[in-house]
2 protein chains.
Amino acid sequence: MSRALNDAPHVSEAVRRKVKEAAAALDYHPNLAAQSLIARRSYLIGLTYERPSPSYVVELQNGALGRLENERYRLVVLPFNHVASRPEELGKLLLRAGLDGVLLAPPACDQPVLLDMIERQRLPYARITPHSDLDRGLVVAMDEVAAGHTVAAHILSLGHRRVGIILGDPSHAASRGRLEGYRQAFQDGAVTIDDSLVGTGDFTYDVGYRVALELLDRPVRPTAILAQNDDMAVAAIAAARDLGLSVPQDLSVAGFDNSEVSRTAWPPLTTVHQPVREMAWDAANRLIAMLDGDTDSDAPRRRDHLHELLVRASTAPPASTG
Amino acid sequence: MSRALNDAPHVSEAVRRKVKEAAAALDYHPNLAAQSLIARRSYLIGLTYERPSPSYVVELQNGALGRLENERYRLVVLPFNHVASRPEELGKLLLRAGLDGVLLAPPACDQPVLLDMIERQRLPYARITPHSDLDRGLVVAMDEVAAGHTVAAHILSLGHRRVGIILGDPSHAASRGRLEGYRQAFQDGAVTIDDSLVGTGDFTYDVGYRVALELLDRPVRPTAILAQNDDMAVAAIAAARDLGLSVPQDLSVAGFDNSEVSRTAWPPLTTVHQPVREMAWDAANRLIAMLDGDTDSDAPRRRDHLHELLVRASTAPPASTG
DNA sequence: GAATCGACGGTAAACGTTGACCGATAAAAC
DNA sequence: GTTTTATCGGTCAACGTTTACCGTCGATTC
């Protein structure tokens, strides 16, 4: 009887205890499929991401799982590459997965086609650090522009004026946001960005290395490099070392993400901490609140988390300011 | 009608086509809970692991997901810390999760209590690199002893005789296996392990750093350090640098895992590649075969994958041999 | 042209749980 | 002692599929 296990009323204590004992003795576990069928819930939450750095993925997962712990919900991981070129495929995958809700990390969270699909099917979703259509769905955001501004301002305040930039994957809106932040900081400092010192990477070490080599091969070498994530920043350090330059004496390098490599690299990277874990927790939290019908309509649909600049040993004033 | 969508016989082409069109028009998706109920299957595969390095987790996941792609099965991640001290809790978690099968990574795969529980409930499972009870369940293994032997033999062949060792978490049987491999290699080379140069870490950077500092503080400093994973090896390099030693001139360092940091570190780490992704793929493959009833009883229950020594720039002959 | 056979479409039971409903029993009030 | 009420335990429909079964219709064969 479901009433006994469910602690429902209209059941005597004696019967309840007996039923529970029997259930324990038989290692009885209620059939989740039947419960799902009647509750019209699968108790599954999806998490989609696209081949970013391992530490980012793990932070995302741990954040979401931290909230799901002690809940009935389980987390299904659904990595998917090249969303930008085939958003409908991901949509189908998500809709077929029988989820109660889905957490969308970049760049999936910025695909209008995808959002249209899952909205049509009324699949609840939360977006983690989206960069477009910020009024759609539940949004957990970090101000990428402000973060970009902070790290660029740090470099400028050290006295650097010839600054190289390694952009991330252009399909990630984060790349544009961070660049916009750089621009504003440069404007504030009355410095102009030298477009010839802006290279495009894709967030990977290998491409970052190549782009860094090109930047350092210029007749007037930059004295600092702003990389849009840590992997590319570490690559820039390696490239500098291979050219006989030492960091931070000959070249300052700043990264982005506060990933594991930023701490284990030498010198440790100056970087920007993104509270990925906290944001994933928050996204899961808000999604669950929606699913469980806690209609706190006073809760804002968007929530901003703060970034943090971590100044470590990879940045210093330029050797000779002249 | 299920027959039309299911491509079953006894359905005319016209009707089948009409049904499929209607289904597509309505964005119809069959209810997975109802299907699960009747099929007595949830089409969920669990993956349990315990707080190892991010790259290891991601490799595990990608391997398993690679096999699950284009299958009905979905992957549920179930990290669980401190299994050794509370295996029954993980057992309950797994049994309540409504899984069709579960992939057990270390150290969960070496908990007899856990295996007992899930066997009693007839939950199929595959174990990835277990170290005890190798005859229980489906086993995907790598010979840790042989791998330890290989890397230790490499260090000895370079001429090192005073070798420091940083062990991993003692609760991981891998730590013991690798150490046993070291021992055999030392024995082969007629070298004795200096127990005062053996420190115990826990696979993390921070503890690895502390242990490395202690080892390098000895009156007779080791000329090489064998770390049982890459994070601790990178920590050892950092510790050496902080003491004014350069790697590999003053100290050789070898790691384990071929993780991302081993490639991005400076100098790049000599390490042992564990085919984690392949093993996870294989484990998922064998688990699915079992679930789908492909009773290839001729398939061995255990399968060994090969390790590979990657010699990079962090190891070299000792500066002065004597 | 009638009978048999095969193919097709419809109907209904089953999966394991929940929750509403109903009858019965015991307790309380008159 | 009888009526009312509250509480408990049991029964049954429902969730959305799948699959077995059955009836019917058309086609083929004698």
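Everything quoted here is computed from the prediction, not taken from an experiment. Sequence lines set the chain letters: A, B, ... in the order given, protein chains first and strands last, and positions in each chain run from 1.
OP1 or OP2 of D:dG16 has not a single side-chain nitrogen or oxygen of B:Gln35 nearer than 4.0 Å. Within the structure, every side-chain polar atom (N or O) of B:Arg41 is placed at least 4.0 Å from both OP1 and OP2 of C:dC15. Phosphate contact (OP1/OP2 of C:dT17, side-chain N/O of A:Tyr28, threshold under 4.0 Å): present. The phosphate of D:dA14 has neither OP1 nor OP2 within less than 4.0 Å of any side-chain N or O from A:Arg40.
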Show the numbers, then the answer: is there a side-chain contact (heavy atoms from CB on, under 4.5 Å) between B:Val102 and B:Val76?
-> CA-CA 9 Å; B:Val102 64; B:Val76 177; over 6 Å; no
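Residue B:His29 contributes atom NE2, which lies 15 Å from atom C1' of D:dG16 at whole-angstrom precision. Atom CZ in B:Arg96 sits roughly 15 Å away from atom P in C:dT17 (whole-Å rounding). Note: CG (B:Asn31) to P (D:dT18) measures 10 Å, nearest angstrom. Across the protein-nucleic acid pair, A:Leu37 atom CG and C:dA14 atom C1' stand 12 Å apart, rounded to whole Å. B:Ile38 places its CD1 atom 9 Å from the C1' atom of C:dA13, with the value rounded to the nearest Å.
Using a 4.0 Å cut-off between charged side-chain N and carboxylate O, B:Arg72 and B:Asp100 make no salt bridge.
Side chains of A:Glu59 and A:Gln274: no donor on one and acceptor on the other come within 3.5 Å.
In this structure, A:Tyr56 and A:Val276 have side chains that are in contact, with non-hydrogen atoms separated by less than 4.5 Å.
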